[in-house]
Amino acid sequence: MRKLSILLVLLLPLLASAQHHLTSPDGHNEIIVSRQGNEFIYSVSHDGKAIVSESRLGLNLDNYTWERALARNYPQYDCWMNGYTVDSVSTSEHRATITNLWGEQAVVPDNYNAATLHLSKHDGSNYRMDIEVRAYDEGIAFRYFLPEHPQAVFHKVTADLTEYTFAPSTKVWAAEWAQAPYELKLVDDVTCPIERAVTIELPNDLYCALADADVDDWCLEKNVASQTKRGTLTTTMYSPVDIVTYYATPWKVIITAESYAQLLEHRYIIDNLNPPCEIPDAADWVKPGTIMRCTTLSTEAALRNIDFCAQHHIPYMLFDWKWYEPSTSHDGDATKVIPQIDMPKVVAYGREHGVGIWLYVNQHALQKQMRQLFPLLHEWGIVGVKSGFVQYASHRWAVWLHDMVRYAAENHLMVNIHDEYRPSGFSRTYPNLLTQEGIRGNEEFPDATHNTVLPFTRMINGPADYTICYYDQRLKNTHGHQLAASLIYYSPLITLFWYDKPEEANDEPELSWFDNLKTTWDETRVLDGAPGSHIVIARRSGEEWYVAAMTNTEARTVTIPTDILEDGKQYTVTIYNDDPTVKTSTKISVKTVTIKAGKAISLKLQPNGGSALHFIKR
C-alpha cells in the first residue's frame, strides 16, 4: 500500500504537467491538452499547421449557496478550475457509419479517436471533472463532464472559460444576431458577441468553424474578442446554467478544412455529436417536403392555395399568424379559429388533395396552452406547427423550447421554429424538427452577395428556412438566383412562394424545377465557392442529380464538373438559367440537352444571378 501511495505521489505531477496528444484517424487533425499553472490549455492543428493556438479550457462555477445549505465548508477559489489535477487519462477509438432518417447525406462516417482527462480536487470537496475530447477526420470536439457529486451539491455554471486563439491576421465572418448581415473582420475587431457557427479564415490557407452540438439543456453562447489576449475569441453565456450532476455540457466543435467548400461538407459532425433518434415511429409520419403559405386568411383562399399546391407537388400549406386572435398576446386562444376560416373543411380538402396543413403558433399561446393545444391540433388533422417569436436563449427557455419539440413528437406534429433560433443537430434526436429560421432570408430581401455568404456560415449550423419568394417585386436578385437558392439552402421543409399568391403564377416553364425538387438527399457535394463570391453545389436523390450555382452582384462564368455522374452513362439535363430575351416576367430559359458523364458544363451567370440543373440518367 505504501508503494502504491509513493507511485501516486510521483505520478500525479507527471499527469498534471504532461501534454496529452490526440490525433484523428486519418492523422491530419491533432489536439493537445495540458495543464499550465492553474489553467488547462489546448491547441488544434491540421497537418502540423496551427488552427487554434494555445487557448484556455474550463468552466467557472459558483456553488457557494448549495455548499452552505448542505453544511459543506469547502475551500473557495478565485476560479473554479483552480485546484484541479489530472488523475488519469483514458483513451478509445470509434469506427462506424450513421444512416440518417433524412439529411444532406443518407450515410455519413462517424470515425474518431477519443480521450478523457479525469480531473479532481484533492481538497476534501469531492469535486471531479472530465474533459472529453474527440479527434475526427472532419475536426475536433470537446466537452466538460461533471460526475455525480457524492454529497449531492447542486452546480451553478456562471461562465464558460473556453477560448480560441488564432494567428495574427485571422479573419472572422461575424453576425451579431441570428438574422443579421455578415461582416468579415479581424478577430480583435469582434467587439460585440457574434453568433455561432463562426467561420474562420486563417492566414495559412486553412479554414475552421466554431460550432456547438447537443445543446438542449444549456443556454445560448456567443463569441467576442478578448480584452486581454490578442487574436482570441472568448465565450459568452446568455445566462447561468443550473445543473444536477452527473451532467455533460454541449460539445464544442471545431470543424477543420482546406477550403471553404470542404468546411461546408464537413458540417455533419455536428449532427453526429447528438444522440440518435428517440422517435421509434418517425419514419411513418415525419415527412419532409415543400410548403406554401396561404397569405389570405379565408376558407376560399385556402382552397385555391391547396389546388395550387396539388398542381405543383407541394405537400404542405401553412396558415401563418392571425388565424387565431390576438396572436401576439397572452390573451390569445389558439384553440379557437377566426370565423373567416372553416378549419375542418380546409383540412379535409387538403387531405383529399394530398396537402397537409401547418399552423403558426406564437410564443404566448405555446407557453399558455401547449399541453392542451398539441393534442387538439393532432385531433383536427394538423400535421405541423410553425412556432413564432419563441424564447430560446436562456437556460430556462432553451429547455422549454426543446421540450416543446419533444411534446410535438408525442402528438405526431412536425415543427418549424422561427425566428432567431439556430440549430445544433437536435433534429438527429428529434427529426420532427424539420427546420428553423435563424437566417437573414427573403423576409429581409438581402442582396446576392449576402446570399453567397450564407452557405459557408449560417448553413454550417444546419437546416434553414430561407422563405423563398418568387414573384414579389421587392426581390433584389434574379429568378435564376431564387431557383438556385431552393437547392443551396438545405432544409427538409422548404418554404416556397413566401409572399406570393397562386394567381401571380403564369405557368412559367421553370416552375417544373420547384415541382420536381426534393428536400432531403442521399449525397451532397460542394463543387466550388467562397463566401461573398459564389457557390456551386450538387445534391443526389437516387440516380438523379440536382445542381445549383449562385453568384454575388457580379457576373461570372462557372464550370459544372460532371465527374459526379456515373461513368460512361448518358444523362438528360434540364438547365434553368437567367435569359433577358425570354418573353416571360421571370426571364428564365429552360433548355434540355443530353450529355455524357465527364463532359463539363459552362454557365454564364448574370449579376445577382443563378442557375439550376436537373440530371436524369437515360
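Just so it is clear, the values below take in all heavy atoms, side chains as well, and ignore hydrogens, waters and symmetry mates. The shown structure was predicted, so the numbers you read here are calculated from the model rather than taken from an experiment.
In terms of modelled atom types and a separation under 3.5 Å, the side chain of Asn223 and the main chain of Val198 share no donor-acceptor contact. Listed for the Asn100 side chain is no donor-acceptor partner under 3.5 Å among the backbone atoms of Gly103. Judged by distance alone, the side chain of Asn29 and the main-chain N or O of Ala135 form no donor-acceptor pair under 3.5 Å. His266 places a side-chain N or O within donor-acceptor distance of the main-chain N or O of Thr256, the cut-off being under 3.5 Å. Using modelled atom types, no side-chain atom of Thr467 and backbone atom of Thr495 make a donor-acceptor pair closer than 3.5 Å. For the pair Thr452 (side chain) and Ser533 (backbone), a donor-acceptor distance under 3.5 Å is present.
Checked against side chain to side chain contact (heavy atoms under 4.5 Å, CB included), Thr559 has the following partners two or more places apart in sequence or in another chain: Ala600. Applying the salt bridge (Lys or Arg N to Asp or Glu O under 4.0 Å) criterion to Glu543, with sequence neighbours excluded, gives Lys617. Checked against side chain to side chain donor-acceptor pair (under 3.5 Å), Glu523 has the following partners two or more places apart in sequence or in another chain: Arg540. Residues passing the ring-ring contact (aromatic ring centres under 6.0 Å, His included) test with Phe426 are His402, Tyr430, sequence neighbours excluded. Scanning for side chain to side chain donor-acceptor pair (under 3.5 Å) contacts around Thr435 gives Ser491, with sequence neighbours left out. With sequence neighbours excluded, no residue forms a side chain to side chain donor-acceptor pair (under 3.5 Å) with Asn477. Contacts of Ala282 classified as side chain to side chain contact (heavy atoms under 4.5 Å, CB included), with partners at least two apart in sequence or in another chain: Leu101, Cys277, Ile279, Val286, Pro431. Legend: residues meeting side chain to side chain donor-acceptor pair (under 3.5 Å) with His28, ordered by chain and number and at least two apart, are Asp47.
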> Would Phe514 and Tyr470 satisfy ring-ring contact (aromatic ring centres under 6.0 Å, His included), going step by step from the backbone distance to the final call?
Replying inline: CA-CA 11 Å; Phe514 291 140; Tyr470 201 66; 5.5 Å; yes

> Does the ring-ring contact (aromatic ring centres under 6.0 Å, His included) test come out yes or no for Phe142 and Tyr42, once each step is laid out?
Replying inline: CA-CA 10 Å; Phe142 58 87; Tyr42 79 101; 5.1 Å; yes

>> Go through it in stages, so that I can follow the logic: the residues are His94 and Asn111, the test is side-chain hydrogen bond (donor to acceptor under 3.5 Å, both in side chains), and I'd like the CA-CA distance, side-chain angles, deciding distance and then a yes or no.
In response: CA-CA 6 Å; His94 179 84; Asn111 302 321; over 6 Å; no

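Within a 6.0 Å radius of NZ in Lys599, other residues, nucleotides and ligands contribute 12 heavy atoms or fewer. Atom OH of Tyr238 has 12 or fewer neighbouring heavy atoms from other residues, nucleotides or ligands inside a 6.0 Å radius. At most 12 heavy atoms of other shown residues, nucleotides or ligands fall within 6.0 angstrom of atom NZ in Lys171.
Expressed to the nearest 0.5 Å, how far CE of Met81 lies from CG of Leu59 amounts to 7.0 Å. The CG atom of Leu264 lies 9.5 Å from the OG atom of Ser259; values are rounded to the nearest 0.5 Å. Between the CE atom in Met237 and the OG1 atom in Thr162 there is a gap of 10.0 Å [rounded to 0.5 Å].
Between the side chains of Gln482 and Asn442, at least one donor N or O sits under 3.5 Å from an acceptor N or O. Inspection of the His481 and Asn451 side chains reveals an N or O donor paired with an N or O acceptor under 3.5 Å. Side chain to side chain, Trp513 and Ser486 meet the donor-acceptor criterion of an N or O pair below 3.5 Å. Side-chain atoms of Glu138 and Gln262 include no donor-acceptor pair closer than 3.5 Å. Checking Thr524 against Arg539 by side-chain atom types alone, a donor-acceptor pair falls below 3.5 Å. Side-chain contact check for Asp217 and His395: at least one donor-acceptor pair (N or O, by modelled atom type) lies under 3.5 Å. In this model, no donor atom of one side chain and acceptor atom of the other lie less than 3.5 Å apart for His418 and Ser387. Between Ser226 and Thr232, the side chains place no donor N or O within less than 3.5 Å of an acceptor N or O (distance only, hydrogens not considered). Judged by distance alone, the side chains of His46 and Glu258 do bring a donor and an acceptor atom under 3.5 Å apart. Using a 3.5 Å distance cut-off with no hydrogens or angles, the side chains of Asp26 and Ser24 do pair a donor with an acceptor.
A salt bridge (charged side-chain N to carboxylate O under 4.0 Å, His left out) check over residues 418-440, counting only residues at least two apart or in different chains, returns nothing. Pairs of residues two or more places apart, or lying in two chains, that qualify as salt bridge (charged side-chain N to carboxylate O under 4.0 Å, His left out) and include a residue from residues 193-208 are Glu195-Lys222, Arg196-Asp212. Screening residues 91-100 for salt bridge (charged side-chain N to carboxylate O under 4.0 Å, His left out) gives Glu93-Arg95 as the qualifying pairs, with residues at least two apart or on separate chains.
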Donor-acceptor contacts under 3.5 Å from residues 602-614 side chains, at least two apart:
unit_1 : atom_1 : unit_2 : atom_2 : d
Ser611 : OG     : Tyr576 : O      : 2.9
His614 : NE2    : Glu544 : OE1    : 2.7
His614 : NE2    : Tyr546 : OH     : 3.4

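Ionic pairing of Asp188 and Arg230 is present here: one or more N-O contacts between side-chain nitrogen and carboxylate oxygen are shorter than 4.0 angstrom. With respect to Lys252 and Asp160, a salt bridge is recorded, a charged nitrogen being found less than 4.0 Å from a carboxylate O.
Between Phe166 and Tyr164, the two ring planes are parallel [angle under 30°; tilted spans 30° to 60°].
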